[in-house]
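For this chain, numbers begin at 1 and follow the sequence in order.
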Amino acid sequence: MTDTTTPAIPTPTGSGGAAGPTAADDVEALAGRAAASSRAFAQTAPRDRARALVAVGDALAAAADELIDLAMAETGLARPRLTGELKRTVVQLKLFAETIVDGAYLDARIDPADPEFALGARPDLRRTLVPLGPVLNYAGSNFPFAFSVAGGDTAAALAAGCPVIVKGHPGHPQLSIRTAAIVAEALAVAGMPDGVFQLALGQEAGVALLKDDRIRAGSFTGSLRAGRFLADVAAARPRPIPFFGELGSVNPVFVFPSAAAGAGAAATIGAGFAASISGSAGQLCTKPGFLFVPAESAAELTRAVASGVAGVPEQRMLNPQIASGFVARQHTVLGADGVSTVVDGGTRLDGDEQGWVTPTVASTTVAALSAAGSAVLDEAFGPLSVVVAYDDVSELAALAAELFPGNLTSTVFLGEGDESALVHEFVSVLSETSGRVLFGGWPTGVAVTPAMQHGGPYPATTSDSGTSVGSAAITRFLRAVTYQDAPQPLLPPQLRDDNPWNVPQTISPPGASATWGALV
């Protein structure tokens, strides 16, 4: 049970109901509790951890009305959006539960001793993945459920068997505290070790914890500036640690001439683009920031986009800081040489300095975009996107590689049967610069499934080898260990001959090495 002498969850104070920053002494206590629970939690059976994750999901679902009311008040996001996001959060907890019960994520490999091995007698070798240790998760602002206290990074780390300390986001502190309390109680009732889940608040606490030697990995969703700072802190430690940061993405969309030529194509593409850039006030990491269109269709497609955003109602941005950043970015983009304003959505500040926005659409050419550089190419976190006219489809591959070296997504619209060598080359480039390549769809809306990849080359993420969505997210918080000639009782359960956890084991058959020469 929770040790009440060192609260794992901050207590709300003051009339606003928010807790103050975590004090230095409490930071030390948080790290100590996480480290103390690490070994016992790592050794829990996958089925036991799975039951705990399901219990957390059920507890969050039971408190849905309370949590959604808090989220609406603090973020300005609409109830339907938050209802769907909370459902997604519960689903991903249960997906991770199913994944660890299956056991394939442990990647258990067994090479029995082989005196006839081609390179000489081989010892008994058994390899598996084990938890890294305590994880520090920095909650995101734009998904107060799915990328926050009980979001994907927390769920993945807990599924892996790693204690988690969440650094709550200042944009929704009351929601963070209440969510954390529900998660901590559900884990305790499920019998998980004390200290496996805790919450910290405040920038100083977040940096101090990242520097603490007992923290073995960090995960982050937020801005390029803050994410790069934290990644550098993690890398500069006496013992550097993995840091999985999602930092920024402009998610370009490319329309081939063959896709724009069909009857009604412009209207369909324009409406879809408008919906994708305006959802949740454009505050989505997968929002498409650029729409590349053939010059001969640019006017028609731009009109279609403008028509699509015309009826979008005013939406509140997440917090005043994000609103002020969006205003500055909007002025920079619209003031760049060669950029024309198609729809000036503007931004209104209310008495609480909250920002209210409608979509902004600009247009330019490839030459002007290249000349403007970062002034236009950098991410605009909000409902602003740029339509870019290009002259020759053959320039798109080089353009994508040069201007968009790292993104979460890239999208291409092709005509029926458009599978030329040029298209193959272009798709190959997109696969090098993006974590997810879409054909004829829109990147907003990230499915929580085993095959999802939500990551990409820098600056989209600090490590493009992992994903923060989908069951593969668990592997970020694991590392490999091989046991050589170990007595059966000293092996982890997943590597024993009796396989008490009943997980998949890849076992090399006798004499398999004799065939290698024939293969090469």
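- Atom CD of E66 is surrounded by more than 12 heavy atoms from other residues, nucleotides or ligands within 6.0 Å.
- Side chains of T409 and T286: no donor on one and acceptor on the other come within 3.5 Å.
- Between the side chains of N407 and S249, at least one donor-acceptor pair of N or O atoms lies under 3.5 Å.
- For the pair R237 (side chain) and L210 (backbone), a donor-acceptor distance under 3.5 Å is present.
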List the atom pairs, donor and acceptor, that lie under 3.5 Å between side-chain atoms in residues 55-64 and the rest of the protein, sequence neighbours left out.
{"unit_1": "D58", "atom_1": "OD1", "unit_2": "K94", "atom_2": "NZ", "d": "2.9"}

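- Remark: T475 OG1 to D107 CG distance equals 10.0 Å, nearest 0.5 Å.
- A tilted orientation is assigned to the rings of F290 and F404, their planes being inclined by 30° to 60°.
- Heavy atoms only, all atoms of each residue included: P504 and A108 are closest at O-CB, 3.7 Å.
- Among residues two or more places apart in sequence or in another chain, the side chain to side chain donor-acceptor pair (under 3.5 Å) test is passed with Q484 by none.
- Panel note: side chain R216, backbone D213; a donor-acceptor pair is recorded below 3.5 Å.
- Here OG1 of T347 is found 4.5 Å from CD of Q330. Values are rounded to the nearest 0.5 Å.
- Summarising the geometry, atom CG belonging to D26 is positioned 10.0 Å from atom CZ belonging to R33; distances are rounded to the nearest 0.5 Å.
- Going from atom OG1 of T75 over to atom CG of L318 covers 6.0 Å, rounded to the nearest 0.5 Å.
- In terms of modelled atom types and a separation under 3.5 Å, the side chain of Q198 and the main chain of L30 share a donor-acceptor contact.
- A 6.0 Å sphere centred on CZ of R79 holds more than 12 heavy atoms belonging to other residues, nucleotides or ligands.
- Between the CZ atom of F326 and the OG1 atom of T360 there is a distance of 5.0 Å, given to the nearest 0.5 Å.
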| task | Go through the steps for D69 and R178 under the test salt bridge (charged side-chain N to carboxylate O under 4.0 Å, His left out), then give the verdict. | result | CA-CA 12 Å; D69 285 346; R178 184 66 187 119; over 6 Å; no
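- Aromatic ring orientation, F244 versus F477: perpendicular (interplanar angle above 60°, classes split at 30° and 60°).
- Within the model, atoms CD1 of I100 and CG of L106 stand 9.0 Å from one another, a figure rounded to the nearest 0.5 Å.
- At least one donor-acceptor pair under 3.5 Å links the side chain of S385 to the backbone N or O of P288.
- Salt bridge status for D111 with R109: absent, with no side-chain N to carboxylate O gap under 4.0 Å.
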Could you tabulate the donor-acceptor pairs under 3.5 Å formed by side-chain atoms of residues 141-150, not counting sequence neighbours?
{"unit_1": "N142", "atom_1": "ND2", "unit_2": "Q283", "atom_2": "O", "d": "3.1"}
{"unit_1": "S148", "atom_1": "OG", "unit_2": "H172", "atom_2": "NE2", "d": "2.9"}

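- Within 6.0 Å of atom CD in Q354, more than 12 heavy atoms from other residues, nucleotides or ligands are found, so the atom counts as buried in its surroundings.
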| query | Step by step, would you call D498 with R496 a salt bridge (charged side-chain N to carboxylate O under 4.0 Å, His left out)? | reply | CA-CA 5 Å; D498 62 350; R496 295 176 192 166; 5.2 Å; no
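- No side-chain N or O of S219 forms a donor-acceptor pair with one of R476 less than 3.5 Å apart.
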